Amino acid sequence: MTDHNGTHRVWRVGADIDTDALAPGAYMKFGIDEIARHCLQRVRPEFAGQVQPGDVLAAGPNFGIGSSREQAAAALVHLGVAAVIAPSFNGLYFRNAFNVGLLLLTCAQAEALVEGERIAFDPAAGRIRRADGADPADMLCETVPPFLMDMVRAGGLLNLLKQRQTF
């Protein structure tokens with residue numbers, strides 16, 4: 001949850017989180033409300049019911065491997081997740097995430113983030129600041145290009161295109 005200091009609570013998951021963990025296949029025939037209720041139930045059963053808007057997900061390498069289902073990113077957006085931080089992402093997941101307005105931060109040190117700690121981040125500068133005094137206080141990530149930040153701020157590619165449409 002984002003607090004008055006603009007920080008975000010960290011949820012931890014491991015490496016190789018696949019799209020079936022994020023959007024379980026058994027629920028794909030339903031809408032995003034139902035899919036999101038089952039997000040990460042296999043690895044963090046409490047996640048969907050306890051995550052708060054503004055929380056972030058810190059993961060190990062290879063986040064978003066598996067099928068190209070867009071709902072795997074959309075479920076996190078629906079739950080209010082502010083960003084996913086990982087050392088690496090599956091390429092299709094990376095593109096789907098920004099297309100639905102989910103911020104991804106590629107950070108080699110992502111696995112140093114601790115469950116429940118509070119962080120602030122500046123995607124344009126490629127910096128994460130650990131608010132709880134943990135070492136290192138600042139962690140570097142890849143910068144997020146302005147065109148991808150525009151998609152995140154707009155809530156996804158379709159919303160951005162609608163905003164830019166002129167008649």
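Bear in mind the structure is a predicted one, so any value in this text is a computation, not a measurement.
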Kindly give the heavy-atom pair with the smallest separation between [X] and [Y], and that separation in Å.
X: Ala36; Y: Ala48; answer: O-CB, 3.3 Å
X: Arg12; Y: Ala110; answer: NH1-O, 3.2 Å
X: Ala83; Y: Leu105; answer: CB-CD1, 4.4 Å
X: Phe63; Y: Ala86; answer: CB-CB, 4.1 Å
X: Val144; Y: Leu104; answer: CG2-O, 3.9 Å
X: Ala73; Y: Val100; answer: CB-CG2, 3.7 Å

To the nearest 0.5 Å, how far apart are [atom1] in [X] and [atom2] in [Y]?
X: Ile128; Y: Cys141; atom1: CD1; atom2: SG; value: 3.5 Å
X: Thr7; Y: Arg118; atom1: OG1; atom2: CZ; value: 3.5 Å
X: Gln52; Y: Leu79; atom1: CD; atom2: CG; value: 10.5 Å
X: Gln71; Y: Met28; atom1: CD; atom2: CE; value: 3.0 Å
X: Leu40; Y: Trp11; atom1: CG; atom2: CH2; value: 9.5 Å
X: Asn96; Y: Leu22; atom1: CG; atom2: CG; value: 11.5 Å

- How far apart are the C-alpha atoms of Arg42 and Asp18, what are their side-chain angles, what is the distance that settles it, and do they pass the side-chain contact (heavy atoms from CB on, under 4.5 Å) test? CA-CA 11 Å; Arg42 189 175 73 219; Asp18 62 38; 3.2 Å; yes

- Message: For Phe47 and Val13: C-alpha separation, side-chain torsions, deciding distance, then whether side-chain contact (heavy atoms from CB on, under 4.5 Å) applies.
- Response: CA-CA 10 Å; Phe47 178 77; Val13 292; over 6 Å; no

Is any side-chain heavy atom of [X] closer than 4.5 Å to a side-chain heavy atom of [Y]?
X: Leu102; Y: Val152; value: no
X: Arg129; Y: Asp122; value: no
X: Met151; Y: Asn159; value: no

Among the clusters formed by ILVMFWY side chains lying less than 4.5 Å apart, do [X] and [Y] turn up in the same one?
X: Leu158; Y: Phe147; answer: no
X: Val114; Y: Ile119; answer: no
X: Leu92; Y: Val77; answer: no
X: Ile35; Y: Val81; answer: no

With a 3.5 Å distance limit and no angle check, can you tell me whether [X] reaches the backbone of [Y] through a side-chain donor-acceptor pair?
X: Asn99; Y: Leu157; value: no
X: Thr19; Y: Ser67; value: yes
X: Asn62; Y: Ile65; value: no

- Task: Among Val84, Val51, Val56, find the one that has a side-chain contact (heavy atoms from CB on, under 4.5 Å) with Leu76.
- Result: Val84

- Message: What I want to find out is whether Arg127 reaches Asp138 closely enough, with some N-O distance under 4.0 Å, to be called a salt bridge.
- Response: yes

- Query: According to the salt bridge (Lys or Arg N to Asp or Glu O under 4.0 Å) rule, which pairs have a member within residues 87-116, sequence neighbours left out?
  - Reply: Arg44-Glu115

- Message: With salt bridge (Lys or Arg N to Asp or Glu O under 4.0 Å) as the rule and sequence neighbours excluded, what pairs involving residues 69-78 come up?
- Response: Asp20-Arg69

- Sort and list the pairs that fulfil ring-ring contact (aromatic ring centres under 6.0 Å, His included) and have at least one residue in residues 118-142, not counting sequence neighbours. His8-Phe121

- Can you list every pair that meets ring-ring contact (aromatic ring centres under 6.0 Å, His included) and has a residue in residues 16-37, with sequence neighbours left out? Tyr27-His38

- Given side-chain contact (heavy atoms from CB on, under 4.5 Å), test Ile17 with Phe89 step by step and report yes or no. CA-CA 10 Å; Ile17 298 297; Phe89 296 91; over 6 Å; no

- Message: My understanding is that only residues two or more places apart in sequence, or in another chain, count here; which of them pass side chain to side chain donor-acceptor pair (under 3.5 Å) with Glu117?
- Response: Arg130

- Return each pair, listed once, that meets side chain to side chain donor-acceptor pair (under 3.5 Å) where at least one residue sits in residues 143-153; pairs must be two or more places apart or across chains. Asp150-Arg153, Asp150-Arg164

- Task: Output, in order, the C-alpha distance, side-chain angles, deciding distance and verdict of side-chain contact (heavy atoms from CB on, under 4.5 Å) for Leu140 and Cys107.
- Result: CA-CA 6 Å; Leu140 299 178; Cys107 179; over 6 Å; no

